[in-house]
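Working notes for the structure below.
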Amino acid sequence: MTTTTAVNRLRTEIPGPVSRALQSRRSDAVAAGVGSTLPAFVDHGADGLLVDVDGNELIDLGSGIAVTSVGNPAPAVADAVRRQVERFTHTCFMVTPYEEYVAVCEQLNALTPGDHAKKSALFNSGAEAVENAVKIARHATGRPAVVVFDHAYHGRTNLTMALTAKNMPYKHRFGPFAGEVHRVPMSYPFRDPAGMTGPQAAERATSRIEQQVGAENVAAVLIEPIQGEGGFVVPAPGFLRALADWCAANDVLLVADEIQTGFCRTGAWFAAEHEGVVPDLITTAKGMAGGLPLAAVTGRADVMDAVHAGGLGGTYGGNPVAAVAALAAIDTMRSRDLAGAAARIEAFAVARLRALAEVTNVIGDVRGRGAMLAVEFVRPGSTEPDADLTARVAAACHRAGVVVLTCGTYGNVIRLLPPLVIPDALLDEGLAVLERAVLEEARR
Ligand code: PMP
């Protein structure tokens, strides 16, 4: 990879005048509860860039929250969608089926971890997939309880709000929430007692389940193998393995929410693979379909088939346009080895972020896998979260035309989710902007 040369990609301040005019229309028309991280309105995308309506080229280190991994637009996805909208746009698979839905399920069954018999069902959004995984797990086991973790994020619908940990902004005054959801401690190496191993952290969680819920009442343990919105928390080695073993010993289903981690994002097709764990059920969405809305539950055929006919579905689930987009995106991931690309992004960016952490005392932790990387900001010389600095660093990146996202229970994490096809020079340029922003804001 190259060292940075300054390229002037900005024609106006961010957001520019045309975006500001649109922002004012938006404020009049769009509900205030729907936010935007960087209010520059996008005109088109190109190879790791988002070009806004003022002609500014923004470097995309967010991929629309881990969605446009294969490019935006990706030529193969665009072609597949174009062809499909000319054929038919919708029938409802529950009314008259079509091959593309079946083909996506075949891909999911083949690509997800484990060589046991698997089946899939398709939905529209991540939250809907998680809801359905819980429905399936409860139905298949005949048990009510679902176990989730501190810092977890699983969506914004009523059940998934209950599964999500963080109150603001996701849950505040939106209750009452669905019942039989039990929260246990996550393995969070940066914040756990020093030296706590993965198996010890798992024991802390499973003993809590046994004391407070009873293993025999638990349908499923639901976990993000690497947490997304909660702060890109990578559990200690052995944590997932020990949880999986406990689940197997207690006839509890292990459900991996791979909505953010799946489809090559972490340097493998699925993040559970890094720990050699085979979940009973897996939820996917985001990166699967190159920007079209599609989600899935994939899992053990006996579990998936436990539900009575007609018990699962929805008008749009597995829509043919989204399905062909997924087939094209998956094909691109395979042919361009985007898992390998994610691993190369990790090698390059982690070295840069670690070097940055060496020269400032506001970075407590650099972590992540593949192209899912994060920096956790703290007050100098402590582990105390610094959300204010984090917001200032993000804002400085945005002003400089780099799309970065924040996350974390304490709002003190900047996360990087570049498209897996991002050109090396652009990643280099985006990281240089982040480095400058951190050093300048830390000095204030
Ligand atoms: N689970 C995880 C791990 C996620 O990251 C997300 C989205 N950020 C969801 C579920 C919810 O997905 P959606 O926004 O498509 O409903």
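Note that ligands are numbered from 1 as they come in the structure, with each ligand's atoms numbered from 1 the same way. Bear in mind the structure is a predicted one, so any value in this text is a computation, not a measurement.
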Can you list the ligand 1 atoms lying under 4.0 Å from a non-hydrogen atom of [X]?
{"X": "D257", "value": "1 (N), 2 (C), 3 (C), 10 (C)"}
{"X": "E224", "value": "3 (C)"}
{"X": "A127", "value": "11 (C), 12 (O), 13 (P), 16 (O)"}
{"X": "S125", "value": "15 (O), 16 (O)"}
{"X": "E229", "value": "8 (N)"}
{"X": "Q260", "value": "5 (O), 8 (N)"}

F263 and F270 aromatic ring geometry - parallel, tilted or perpendicular at 30°/60° bounds: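 Rings of F270 and F263: perpendicular, as their planes differ by over 60°.
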Charged N to carboxylate O below 4.0 Å: is that the case for [X] and [Y]?
{"X": "E203", "Y": "R208", "answer": "no"}
{"X": "E275", "Y": "R241", "answer": "no"}
{"X": "R82", "Y": "D79", "answer": "yes"}
{"X": "R344", "Y": "D424", "answer": "no"}

4.0 Å protein heavy-atom contact status of atom 14 (O) of ligand 1, strictly under: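 When distances to the protein are checked, atom 14 (O) of ligand 1 has no heavy atom within 4.0 Å.
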Which residues share a side-chain hydrogen bond (donor to acceptor under 3.5 Å, both in side chains) with Q260, sequence neighbours left out: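 side-chain hydrogen bond (donor to acceptor under 3.5 Å, both in side chains) list for Q260, sorted by chain: E229, R415.
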Cation-aromatic face contact K171/F177, 6.0 Å, 45 degrees: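 Output yes; distance and angle both within limits.
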Distance from atom 12 (O) of ligand 1 to nearest protein heavy atom, with residue and atom: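 Atom 12 (O) of ligand 1 sits closest to the protein heavy atom G126 CA, 3.3 Å.
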K286 to ligand 1, any heavy atom closer than 4.0 Å: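 A heavy atom of K286 does come that close to ligand 1.
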